[in-house]
Engineer: 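Have a look at the structure that comes next, please.
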Amino acid sequence: MHRLPEILEKVQGYNPDARLELVTKAYVFSAKVHGGQTRLSGEPYLTHPLAVAQILADLRMDEVTVASGLLHDAVEDSLTTLDEVREHFGAEVATIIEGATKLAKVSYSSHREEQAENFRRLVLTMARDVRVVMVKLADRLHDMRTLDAVPHPRREQIAQETLDIYAPLANRLGIHRVKSELEDLGFRFTQPAIYADLAKRVERRLAEREQYIDEVNGILTRRLTEHEIQGQVSGRTKHLLSVHRKMLDQRIEFEKVYDLIAFRIIVASLRDCYAALGAIHSQWTPIPGRFKDYVALPKPNLYQSLHTTVIGPQGQPMEVQIRTEEMHRIAEEGIAAHWRYKEKRAGPSPEDKIFQWLRQLVEAQKDTGDAQEFFDNVRVDLFPDVVYAFTPAGDLIELPRGSTPVDFAFAVHSKVGEQCVGARVNDRMVPLDHRLKNGDRVDIITSKNHTPSADWLDFVATNKARAKIRGWIKTKQRERSIELGREILDREFRKVGKSLPKALREGDLEPVVPKFGFNKVEELLEAVGYGKLPARQVLTRMHPELEREPEEVKRPKKPKRAPRGIVIRGVGDAMVRFARCCNPLPGEPVIGFVTRGHGMAVHTADCANVPKLDPERRVNVEWGQGEMAAHPVKIRVACQDRKGMLASLTQTLAQFDVNVVGADVKTHVVGQAECNFEILVENTERLQKILGALQALKGVHQVVRLKT
C-alpha cells in the first residue's frame, strides 16, 4: 500500500519548493470523505487515491496535480461538492477535479455511444488544462492494475476501452511508461488465454535472454569506451502486446520473433548519439531500411531517439535505441515533462505541437458535432506513423502515414483544402488520392470556384480533412434537401388542390412542425427532402379530413411492417434491407440509414461504415418482437492445427442445429490454424452460446465474430 510520506518525499525530491501542505491537506480530506468505503477487492477505498497520487508523483507532476489525484473521486463518491473543494483547495484543484470526475450517469442507447461521449468531454476538458488527462490516466492505470476484482463482462469492457482510448492517448502525449503498462494490462484482460500462453513462452527463454543481454551489453560498453563515448547500456524484452502484434502482422510463430530484445544507449550529448550509431554500425551489419532518425525529425508526441536494427551476435536481428538523458526523460514522461516548464519559457516551445493537436481536436469537435462521429474520426488520427512533407516554401507539415494531397491542403489551411483542384508532388502532377511519402514537396493547386467533393472522404486520412469535408457537405446537402422537400411537398399539396406556397405565406404549416419533433419549418422540409418524413403524413396532419376515404373505396388494409422484425421510428412505411458489411443480428444495437432510391439500410451500431454515413440521414431503428428469420454470420476460430480439430468444431456447431453455409480452413504458422465459418443464426443470444461452446473446446485460442 502506498503511504503519504513516500509521496511527499518523492514530490520534494524533484521540486524542493512544492507546497507539501497542500498535498497533506488533500490526503486528510480524502481519508475523511472516503472513510468506511471499500473497493471491489475489499481494500479500503483510500488505497485508490493514494495509488493515483503516487503515479502522478512518479511522473513528477506539480503538487496541485498530486493533490487533485488524492481528491479525484471525492465529489462523485461522497457528499462533497465542487464548491467545498474550491473553498478548501483553490480554483486550480477544483478545475482539475471537475474535469477528472467521472461523468454523471446518463442514459445511452449503447456502451459505444457512452464511450464516444466520454471521450468527447475528456478532450474538451483536457484542452483547457492538460493536467486533467494526467489524473485520468493515473486513475485508469491503477484501475487496470486492480482489474482482477471487477466481474465479467465489465472487466473486458474496461480493458478494451483502455486499449481503444487511454493507451493511445498516453502514447500521443508521449508518456511511454504509462502507455506500455496500459497496453500490456489491456492485452491481459481482453485476450487472457493468448496473453498467458505468450507470457509462459517468454518466461521459458528468460535465462537464455539474460545471457544474451549480458553478452551484448558487454560488447556495446567496450565499443563506446573505445570511441571515448560516455554512455549507459541496457537491454530489455519487448512488451508482450508488441510481440503479439508482430506475430500477427508478420504471420510468424513466437520462435521466429528474433528481435525480441531491444537495447538502449543513453549518452551525454547529441553529438555522442551519432558517434554511438557509427560505433554500432562498425561492429555489426545494419539491416537496410530499418534505421529511423527521430532526433532530426521527432514524432508528433515529441519523442526523440535514433533507432537502428543490426545483425547481432548469433546472427540474430536486434534493435538499438540511442538517445540523450533529456530525450530519455521526455520519452518516458512526455507532456508531463514539458508541462512543468511551459510557464517558465518565453516564445514557442516544442510542446506547443501537442497543445496545437489538442486545439485541433476541439476545432474538429465543433465541425463534427456528433460525439460518435468525432470519436471514430479521432481514433484514426490518435497515433499514426508520421509522414513529413514540405510546402514549396520549405515549411514542414506533419501528417499521418497514408495522407494525401487533400490532407496536406487542409493542414495548410481550411480554405486551401476546400479550393484544392490538383497537386504537384516533387514537380510532378499526381491524383488527389496519391499517398505522400517522407520528404515529398507538395504544391497545392487551387481554384476559387471549386468546392470539396464527397468522394474525398473515401481516401483522406486526417481527422481535420474529414471533419471539414463533412461539415461543408452537410451544409450543402441541407440546403438541397430543404429545396427538394419543398418540391416534394408542393406536389403532394397540388394533388388535392392545395397550395404549399400559400400555406407557407400564411403560416399554416407552423402549427404541425412541433408534432413531428421539429422546431422550424426548414427542419421539416429538410426531413421530407431526405426521405425521413413522408410528404403525405405532413399533408394529412394539416388536413385530417384527407385521411377519411369514401366508404365505397375503403378496403381493409394489412398492417405494413418492415421485414424481419425491424421497427422504424418516424419514417412510416419503408423498404428495409440489411447491410452486408456487418449483417446485423436481432438483439444488438442497430442504426438505420436512409439511402436515395434504395430504401432503408440497417447497420450494426458499431459497423465500421457507420462513421462514413451522413448523420442527418441516420434513423433510430430497433428490433421488433416475435419470430425472427435466421441471419448469416461469419465467425473466425484461431486454434491448434491438430488431427480431429475441425471435426470437433463442426460437431459443436451441429449440436446447436446450426446451418453452416460456408467454411474455409487455413494454416498460417506451424501448429496454428484459422477456421472461418459462415452460419445462419436467429439472434445474438444464440450466437453467444455458440461462440462460448466453441471457445471452451480444447485447443481453441480465440473465437470472434467477423463484421465484414
Side-chain angles (χ1 to χ4, degrees), residues 1-11 18-59 61 63-107 114 118 121-122 125 131-159 161-162 166 181-182 185 189:
M1 175 178 173
H2 299 287
R3 300 182 182 279
L4 178 64
E6 298 171 3
I7 296 172
L8 294 175
E9 183 180 358
K10 172 77 75 172
V11 173
R19 293 173 294 155
L20 298 183
E21 67 277 5
L22 179 68
V23 180
T24 303
K25 184 178 178 181
Y27 167 77
V28 173
F29 191 91
S30 183
K32 179 182 177 181
V33 300
H34 292 305
Q37 296 179 353
T38 58
R39 305 196 82 209
L40 290 174
S41 61
E43 295 178 299
Y45 195 88
L46 185 61
T47 59
H48 175 60
L50 270 171
V52 171
Q54 182 67 61
I55 292 169
L56 292 168
D58 289 340
L59 289 169
M61 294 303 296
E63 69 272 18
V64 171
T65 313
V66 176
S68 299
L70 287 164
L71 298 167
H72 76 278
D73 277 341
V75 172
E76 182 188 11
D77 293 337
S78 74
L79 299 178
T80 306
T81 66
L82 200 59
D83 288 337
E84 289 180 82
V85 173
R86 186 176 292 105
E87 179 184 349
H88 287 90
F89 299 97
E92 269 191 295
V93 172
T95 299
I96 296 173
I97 298 300
E98 183 179 17
T101 295
K102 295 173 184 175
L103 301 175
K105 301 298 180 184
V106 182
S107 177
E114 179 182 8
N118 285 351
R121 295 188 189 186
L122 177 60
T125 307
R131 290 176 293 182
V132 172
V133 80
M134 299 305 301
V135 174
K136 292 292 289 184
L137 286 172
D139 178 33
R140 177 52 62 106
L141 180 55
H142 186 248
D143 283 345
M144 290 298 294
R145 288 174 177 174
T146 56
L147 200 59
D148 282 306
V150 178
H152 298 282
R154 179 61 177 157
R155 182 190 302 176
E156 290 85 354
Q157 193 179 75
I158 293 172
E161 183 180 67
T162 298
Y166 289 94
E181 188 174 354
L182 286 176
L185 288 169
F189 289 108

Engineer: Shortest non-hydrogen contact from Ile97 to Val75?
Structural biologist: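 The answer is CG2-CG2, 3.8 Å.
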Engineer: Classify the ring geometry of Phe29 against His88: parallel below 30°, tilted from 30° to 60°, perpendicular beyond 60°.
Structural biologist: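 Correct class here is tilted.
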Engineer: Check for a donor-acceptor pair, side chain of Ser30 on one end and backbone N or O of Ala26 on the other, with a separation under 3.5 Å.
Structural biologist: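 Between the backbone of Ala26 and the side chain of Ser30 there is no qualifying donor-acceptor contact (under 3.5 Å).
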Engineer: In chain order, what residues pass the side-chain hydrogen bond (donor to acceptor under 3.5 Å, both in side chains) check against Glu21, with sequence neighbours excluded?
Structural biologist: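 Applying side-chain hydrogen bond (donor to acceptor under 3.5 Å, both in side chains) to Glu21 gives none.
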Engineer: Given the rule in the side-chain contact (heavy atoms from CB on, under 4.5 Å) test, do Val11 and Arg19 qualify, once you have shown the distances and angles that lead to the verdict?
Structural biologist: CA-CA 9 Å; Val11 173; Arg19 293 173 294 155; over 6 Å; no
Engineer: Check whether any side-chain heavy atom of Leu70 sits under 4.5 Å from a side-chain heavy atom of Val52, and report yes or no.
Structural biologist: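 Sidechains of Val52 and Leu70: no contact.
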Engineer: Any heavy-atom pair between the side chains of Leu147 and Leu185 that's under 4.5 Å?
Structural biologist: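 Side-chain contact under 4.5 Å: no.
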Engineer: So, Thr146 and Arg39: side-chain donor and acceptor under 3.5 Å apart, yes or no?
Structural biologist: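 There is such a pair (donor and acceptor under 3.5 Å, judged by atom type) between the side chains of Thr146 and Arg39.
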Engineer: Would Lys136 and Asp143 pass as an ion pair if we require N to O under 4.0 Å?
Structural biologist: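 No, this pair does not count.
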Engineer: Less than 4.5 Å apart, any side-chain heavy atom of Leu4 and any of Val23?
Structural biologist: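 They are in side-chain contact.
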Engineer: How long is the gap from CG on Leu82 to CD on Glu98, to the nearest 0.5 Å?
Structural biologist: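 Result: 5.0 Å between the selected atoms.
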Engineer: Enter the distance from Leu141:CG to Ile55:CD1 here, rounded to the nearest 0.5 Å.
Structural biologist: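 The CD1 atom of Ile55 is 4.0 Å from CG of Leu141, to the nearest 0.5 Å.
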Engineer: About how many Å separate NZ of Lys32 and OG1 of Thr80, when rounded to the nearest 0.5 Å?
Structural biologist: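 Here the interatomic distance stands at 8.5 Å.
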Engineer: So do Arg145 and Glu181 actually touch side chain to side chain, heavy atoms under 4.5 Å?
Structural biologist: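 Yes, at least one pair of side-chain atoms sits under 4.5 Å.
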Engineer: Could you check whether atom CD of Glu9 has more than 12 heavy atoms from other residues, nucleotides or ligands sitting under 6.0 Å from it?
Structural biologist: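 Not buried by this count: 12 neighbours or fewer within 6.0 Å.
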Engineer: Between Thr162 and Phe189, does the side-chain contact (heavy atoms from CB on, under 4.5 Å) criterion hold? Intermediate values first, please.
Structural biologist: CA-CA 10 Å; Thr162 298; Phe189 289 108; over 6 Å; no
Engineer: Is there a side-chain contact between His34 and His48, using heavy atoms and a 4.5 Å cut-off?
Structural biologist: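 In short, these two side chains do not touch, never coming nearer than 4.5 Å.
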Engineer: If you round to the nearest 0.5 Å, how far is OG1 of Thr47 from NE2 of His142?
Structural biologist: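 Here the rounded value is 5.5 Å.
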Engineer: Are Ile7 and Tyr27 packed together at the side-chain level, in the sense that at least one heavy-atom pair is separated by less than 4.5 angstrom?
Structural biologist: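 No, every pair of side-chain atoms sits at 4.5 Å or beyond.
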Engineer: To the nearest 0.5 angstrom, please state how far the CG atom of Asp73 sits from the CD atom of Gln37.
Structural biologist: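 Result: 9.0 Å between the selected atoms.
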Engineer: Verify side-chain hydrogen bond (donor to acceptor under 3.5 Å, both in side chains) between His72 and Asp139, making sure each step is shown before the conclusion.
Structural biologist: CA-CA 8 Å; His72 76 278; Asp139 178 33; 3.3 Å; yes
Engineer: Would you say Lys10 and Asp58 make side-chain contact, with heavy atoms under 4.5 Å?
Structural biologist: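 They are in contact (side-chain heavy atoms under 4.5 Å apart), so the answer is yes.
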Engineer: Tell me, do Arg86 and Thr81 make a side-chain contact under 4.5 Å, heavy atoms counted?
Structural biologist: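 Counting from C-beta outward, Arg86 and Thr81 never come under 4.5 Å.
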Engineer: Evaluate the criterion side-chain contact (heavy atoms from CB on, under 4.5 Å) for residue pair Ile158 and Arg140; output intermediate values, then yes/no.
Structural biologist: CA-CA 9 Å; Ile158 293 172; Arg140 177 52 62 106; 3.7 Å; yes
